[in-house]
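Proteins come first, then strands; the chains are lettered A, B, ... in the order of their sequence lines, and each starts at number 1.
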2 protein chains.
Amino acid sequence: METRELRYFVAVAEELHFGRAAQRLGIAQPPLSRAIQQLERRLGAALLDRTSRAVTLTEAGSVLLVEGRAALDAVGAAERRTRRAAPSATGRPGLVLVTKASASRELLAELLDAYAAEPGAVPVDVILCGPAEQERLLRDGRADVALLHRPFDSTAGFHTEELSTEGQVAVLPAGHPLTVRAQVLMADITGLPGLPLPRWPDPDGTYPPGPGPQVRDHAQLLQLVALGRACAVSPESCRAQLHGDLAAVPVLDAPKVTTVIAWPPHSRSRAVADLVRTATRL
Amino acid sequence: METRELRYFVAVAEELHFGRAAQRLGIAQPPLSRAIQQLERRLGAALLDRTSRAVTLTEAGSVLLVEGRAALDAVGAAERRTRRAAPSATGRPGLVLVTKASASRELLAELLDAYAAEPGAVPVDVILCGPAEQERLLRDGRADVALLHRPFDSTAGFHTEELSTEGQVAVLPAGHPLTVRAQVLMADITGLPGLPLPRWPDPDGTYPPGPGPQVRDHAQLLQLVALGRACAVSPESCRAQLHGDLAAVPVLDAPKVTTVIAWPPHSRSRAVADLVRTATRL
DNA sequence: CGGATCAATACCCTGCCAGTATCGATGACC
DNA sequence: GGTCATCGATACTGGCAGGGTATTGATCCG
């Protein structure tokens with residue numbers, strides 16, 4: 001199976017529309033139709049059910065969508081990492097570290113400082129992004145190493161080392177009745193009138209149905225809490241980012257959050273190894 | 001980057017010889033030379049240093065060899081798993097489980113029996129193979145689930161659940177002086193005259209240099225021990241497979257061996273999920 | 001019963017990939 | 001030192017795959 005065929009199929013499977021998929025791919029619709037047919041013939045499996053009004057995925061098609069995306073990421077990663085290892089790129093042999101904007105700034109600063117002091121340290125570019133992005137960047141080779149947070153992020157497919165564990169706090173508008181308490185339980189904050197917990201996007205970028213505002217990152221969330229439109233449960237370390245309009249109360253029975261450093265299992269880079277070693281020694 | 005280019009490069013990188021690689025790929029040598037040149041041009045990176053007498057990998061080339069193999073495995077897995085999910089294959093929608101021949105027979109039998117009793121269980125094909133093969137089969141989609149043994153097998157890139165932990169025993173020829181002991185230490189058996197520990201192949205199929213006989217699987221190893229040509233340190237459960245010529249003594253300070261069930265992180269198959277759930281409940 | 005939408009088909013053409021033949025460089029051997 | 005063998009690169013050619021345009025056929029809508 002060629003990556004071109006995979007790209008074509010993934011486009012159609014995501015759009016569920018040959019015309020739009022062809023447009024996205026920058027080709028005409030007929031070649032796309034034929035390419036998918038050929039792919040189906042070679043696999044001996046129907047991937048799509050088409051009527052002239054709707055295209056839907058078959059069972060095999062759903063499998064290929066998931067597996068195909070992973071395979072395309074792997075190919076993309078191979079390409080990017082090879083480029084990065086090229087001598088012509090030696091001008092910037094830096095590492096790319098990706099983490100959430102909401103992550104502990106102290107831990108990150110400490111790590112970067114400690115690593116920079118190591119002999120043979122290379123420049124580290126830091127990318128901040130939303131939770132779903134991180135995994136993708138690491139998987140497709142745009143990043144070398146990530147700081148992830150269990151249990152929120154999936155660490156499947158990566159090597160990881162645990163760095164720190166912390167409890168969670170409820171973030172509430174300043175002056176809310178609950179803020180006088182020394183601690184609360186999850187049950188205390190799940191049904192607060194007018195202060196629903198927010199909805200985070202699924203990995204595919206869509207939001208689950210239900211009440212609560214949609215948020216993409218932690219800054220948005222804190223903004224909503226300050227506006228009195230939501231409440232939140234966040235790792236303790238976010239307290240450093242709270243300003244006057246917000247208050248935090250420990251949540252006793254919230255799951256503990258573990259910060260881990262993650263890197264792709266094939267990494268043979270000394271820089272990644274050094275950074276990980278530095279991190280585990282903090 | 002197309003998978004064809006990757007296949008070509010991996011072949012050349014493994015053979016370090018354009019002629020042999022071309023033969024292996026079933027094409028002539030000139031197209032192969034051109035394909036690699038084109039790949040290098042597109043990546044903007046030299047992958048191979050060629051003289052007319054020798055071909056060697058550059059830094060970027062080594063990266064692409066490792067990453068490219070992983071990517072090709074991912075593409076192969078996508079293809080195989082899609083085929084398996086096709087309705088035409090519904091005649092055999094079975095699971096493929098891969099494990100070492102030396103693994104605990106009881107654990108495996110127990111697992112298969114328990115799973116077969118589950119509602120909705122599908123037939124399970126069992127593949128037995130050497131340690132290095134397992135990872136590959138799981139990674140390239142020929143197997144759905146594996147029983148691996150930490151710390152011997154790398155579980156990088158897979159989801160895993162721990163099933164059981166056991167100590168290790170020294171396996172010695174019957175009648176050896178040490179067999180009268182109730183327990184031994186690693187130090188007692190590392191330097192035994194005439195009974196070296198064996199060498200296992202690296203993931204690439206080559207053997208590390210040093211003394212000791214080369215073995216590929218556990219049966220070979222036990223044979224060598226029975227012949228008085230080696231000794232071994234193996235998980236306790238191998239005792240069930242020892243016959244009269246062999247004796248086992250617990251090794252106090254050998255690392256504990258954990259049997260884990262592993263599956264690819266993208267698996268959305270209910271059968272795999274059921275099998276894993278069954279395994280963790282044993 | 002038209003018209004709109006959308007995938008499939010028919011047909012053509014271009015460019016890429018693979019093949020054969022050959023060259024050029026390098027090391028081996030007498 | 002000359003000759004030969006080895007091995008990768010280059011030159012040239014042909015077939016076919018993949019892409020484009022035009023059109024058909026099926027289905028839903030008003």
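- The nearest whole Å value for the distance from the CZ atom in A:R4 to the C1' atom in D:dG18 is 6 Å.
- Every salt bridge (charged side-chain N to carboxylate O under 4.0 Å, His left out) that B:R277 has, sequence neighbours left out, goes to B:E118, B:D274.
- A heavy atom closer than 4.0 Å to some atom of DNA chain D occurs in B:P30, B:S33, B:Q37, these being the qualifying members of residues 30-42 of chain B.
- Near-neighbour residues of DNA chain C inside residues 6-27 of chain A, defined by a heavy atom below 4.0 Å, number-ordered: A:H17, A:F18, A:G19.
- B:R229 CZ: 12 or fewer foreign heavy atoms inside a 6.0 Å radius.
- One interatomic measurement links the two molecules: CD of A:E2 to C1' of D:dA17, which rounds to 12 Å at whole-angstrom precision.
- The nucleotide range of DNA chain C contacted by chain B, defined by atoms under 4.0 angstrom from heavy atoms of the protein and reported 5' to 3', is C:dC17 to C:dG27.
- Taking B:T51 as the reference, B:R53, B:A54 meet the side chain to side chain contact (heavy atoms under 4.5 Å, CB included) condition, with sequence neighbours excluded.
- Salt bridge A:E59/B:R270: absent, no basic N to carboxylate O contact under 4.0 Å.
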Reading 5' to 3' through nucleotides 24-30 of chain D, protein heavy-atom contacts under 4.0 Å coded B for base, S for sugar-phosphate only, - for none: --BBS--
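- With sequence neighbours left out, the side chain to side chain contact (heavy atoms under 4.5 Å, CB included) criterion links A:A262 to A:L138, A:L148, A:F158, A:T160.
- When the salt bridge (charged side-chain N to carboxylate O under 4.0 Å, His left out) test is applied to B:E133, no partner is found at least two apart in sequence or on another chain.
- For B:R24 and B:E14, the salt-bridge test passes: some basic side-chain N is under 4.0 Å from an acidic carboxylate O.
- A distance of 6.0 Å separates CD in B:E67 from NE2 in A:H266, rounded to the nearest 0.5 Å.
- With sequence neighbours left out, the salt bridge (charged side-chain N to carboxylate O under 4.0 Å, His left out) criterion links A:E2 to B:R7.
- Within the 4.5 Å cutoff, no side-chain heavy atoms of B:L48 are placed close to those of B:T58.
- With sequence neighbours left out, A:R199 forms a side chain to side chain donor-acceptor pair (under 3.5 Å) with no residue at all.
- Every side chain to side chain donor-acceptor pair (under 3.5 Å) that A:T155 has, sequence neighbours left out, goes to A:R150.
- Residues passing the salt bridge (charged side-chain N to carboxylate O under 4.0 Å, His left out) test with A:D153 are A:K100, sequence neighbours excluded.
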